[in-house]
Amino acid sequence: LADDAVAAIQAADSSKALQDVRVQFTGKKGLLNQYSKAMKDLANEEKPQLGQAISSFHAAFNEAFEARQGEIAQAELEAQLASEVIDVTRPGRQAASGSRHLLTQTREALEDLFLKMGYQVIDGPEVELDHYNFEMMNLPKNHPARDMQDTFYIDEEVLLRTHTSPVQARTMEQHDFTKGPLKMISPGKVFRRDSDDATHSHQFQQIEGLVVAENISLADLKGTLLLFAQATFGQERQIRLRPSYFPFTEPSVEIDISCFKCGGDGCNICKQTGWIEILGGGMVHPRVLEMADVDSEKYSGFAFGLGIERIAMLKHNVDDIRHFYQNDLRFLEQFKGGH
Ligand code: PHE
């Protein structure tokens, strides 16, 4: 019986099978019990012999059982570990990464350019006083040119700024001209009561530029904007100035950039004249200097204002300003990782 038991133990290939073997041999109804029951029928002198046989069965059984139990436990542990193994070399799930918006990239590139030329970057309020947005920009109440910029009013004196020009007045008021020239740009959102279409938006972004010091002339504006045009659109660009009108500059100019190839089908930015308008500017009106407490006899300045959307549209051949605001990933992802 011991030999049978040991063979059965060794044949068992799982903890469950091993337990079945134990029941089969040593359980209540097991094979061994039949021998134990026979004990009472034996003659006294034969009993020790059977007793010994039973205990040597137990010894052999237990030894084989424990050995096999160890092997099976080990094997089962290994199987479990193998099934739960994590392959750390497998590629991970791709995390979707965002990127800077094309308008942000365009603004930051322009900020970098002017910072390198020694300009400060100045922030101004989007909710602005009529006083700064219009009065200080030489647009008194009832001035017809106020109509150039249809305005969102909050109340009679407070409005959403229609341009970044009010930051000119705010900055000139603060600047100490005995300490040196004022050179600043001011990027930010502006608001106009326009109907949205491919080229108009009720909210867009501008960058204001202002330099005030002794002996600043239109030539300084021209040189600065030529540098801007070439840095932004390519070294072979030329610019030209056309007379224009803004109440806060005199003379006022509109600046065109020479036509350039934007590449790709439907690239339509090259007008037939070979020039395309990119921004407005001029010499700061003496009255604007005076209102901000700057001596217009001693100091002069130039100012310009550009639309960030317009620059980005020209540079990247974007045909509809609304693309910038709709957050369609198919649009945004085309400008991932750019500058
Ligand atoms: N503020 C003008 C506009 O929004 C642009 C401008 C700025 C023109 C500075 C001249 C000087 O159209």
Side-chain angles (χ1 to χ4, degrees), residues 107 110 114 119-122 124-126 128-140 143-152 159-172 182-194 199-213 216-225 228-229 239-257 276-289 291-292 294 296 299-311 313-314 321:
R107 172 171 52 73
L110 292 171
F114 283 97
Y119 287 60
Q120 311 172 62
V121 180
I122 304 233
E126 292 168 5
E128 182 56 283
L129 298 172
D130 183 287
H131 175 72
Y132 284 108
N133 194 81
F134 289 130
E135 305 271 337
M136 293 289 278
M137 288 292 108
N138 200 27
L139 276 142
H143 192 292
R146 280 197 179 205
D147 294 348
M148 283 166 73
Q149 306 180 355
D150 255 332
T151 310
F152 289 114
L159 44 75
L160 299 182
R161 66 177 177 189
T162 58
H163 52 176
T164 44
S165 297
V167 188
Q168 287 187 32
R170 289 179 171 276
T171 313
M172 283 191 286
L182 167 59
K183 296 171 77 178
M184 72 94 178
I185 56 165
S186 185
K189 291 180 190 137
V190 302
F191 308 84
R192 289 185 195 179
R193 253 178 31 159
D194 257 337
T199 53
H200 295 84
S201 171
H202 61 282
Q203 178 192 311
F204 59 103
Q205 296 184 55
Q206 287 188 331
I207 295 182
E208 194 77 9
L210 175 68
V211 172
V212 180
I216 297 294
S217 75
L218 198 64
D220 296 310
L221 175 63
K222 199 174 172 188
T224 303
L225 293 178
F228 147 77
I239 59 167
R240 81 176 178 184
L241 275 50
R242 276 181 298 111
S244 183
Y245 172 74
F246 300 101
F248 31 91
T249 45
E250 182 59 37
S252 300
V253 293
E254 223 129 341
I255 292 99
D256 295 343
I257 180 170
I276 186 157
E277 185 198 326
I278 51 169
L279 56 90
M283 300 307 293
V284 180
H285 197 296
R287 215 174 295 151
V288 171
L289 294 173
M291 279 190 282
V294 180
S296 65
Y299 301 106
S300 55
F302 69 72
F304 61 87
L306 59 82
I308 298 181
E309 280 83 347
R310 180 161 176 80
I311 302 295
M313 287 171 84
L314 290 176
I321 196 170

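The structure presented is a predicted model; accordingly, all values stated were derived computationally and were not measured. We count ligands from 1, going down the list as the structure has it; atoms in each ligand are counted the same way.
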- Item | Q206 near ligand 1 by a heavy-atom separation under 4.0 Å | yes
- Query: Has R146 got more than 12 heavy atoms of other residues, nucleotides or ligands less than 6.0 Å from its CZ?
  - Reply: yes
- Mode of R192 contact toward ligand 1 - side chain, backbone, both, neither (heavy atoms, under 4.0 Å): side chain
- When the ring planes of H163 and F248 are compared, do they come out parallel, tilted or perpendicular, using 30° and 60° as the limits? perpendicular
- For atom 10 (C) of ligand 1, closest protein heavy-atom neighbour: G281 CA, 3.4 Å
- Message: Test your reading of the structure: does Q168 have an N or O sitting under 3.5 Å from an N or O of ligand 1?
- Response: no
- Message: Does only the side chain of F248 get under 4.0 Å from ligand 1, or the backbone, or both, or neither? Count heavy atoms.
- Response: side chain
- Note on the structure: Numbered in order shown, the ligand 1 atoms found under 4.0 Å of a heavy atom of H163 are 1 (N), 4 (O)
- Item | Matching residue for I278 among D256, L314, L306 - test: side-chain contact (heavy atoms from CB on, under 4.5 Å) | L314
- Task: I would like to know whether R170 and I122 meet side-chain contact (heavy atoms from CB on, under 4.5 Å); could you show each step before the answer?
- Result: CA-CA 10 Å; R170 289 179 171 276; I122 304 233; over 6 Å; no
- Message: Would the distance check show the side chain of E208 and the main-chain N or O of S165 forming a donor-acceptor pair, the cut-off being under 3.5 Å?
- Response: yes
- Task: Test the R161-Y132 pair against the cation-pi criterion, namely NZ or CZ under 6.0 angstrom from the six-membered ring centroid and within 45° of the ring axis.
- Result: no
- Message: Among all protein heavy atoms in this structure, tell me which lies nearest to atom 5 (C) of ligand 1, with the distance rounded to 0.1 Å.
- Response: G305 CA, 4.0 Å
- Query: Where is the nearest protein heavy atom to atom 9 (C) of ligand 1: which residue, which atom, and how far?
  - Reply: E208 OE2, 3.3 Å
- Query: Under 6.0 Å between ring centres, would you say that holds for F228 and Y119?
  - Reply: no
- Query: Which atoms of ligand 1 have any heavy atom of S165 under 4.0 Å away?
  - Reply: 1 (N), 7 (C)
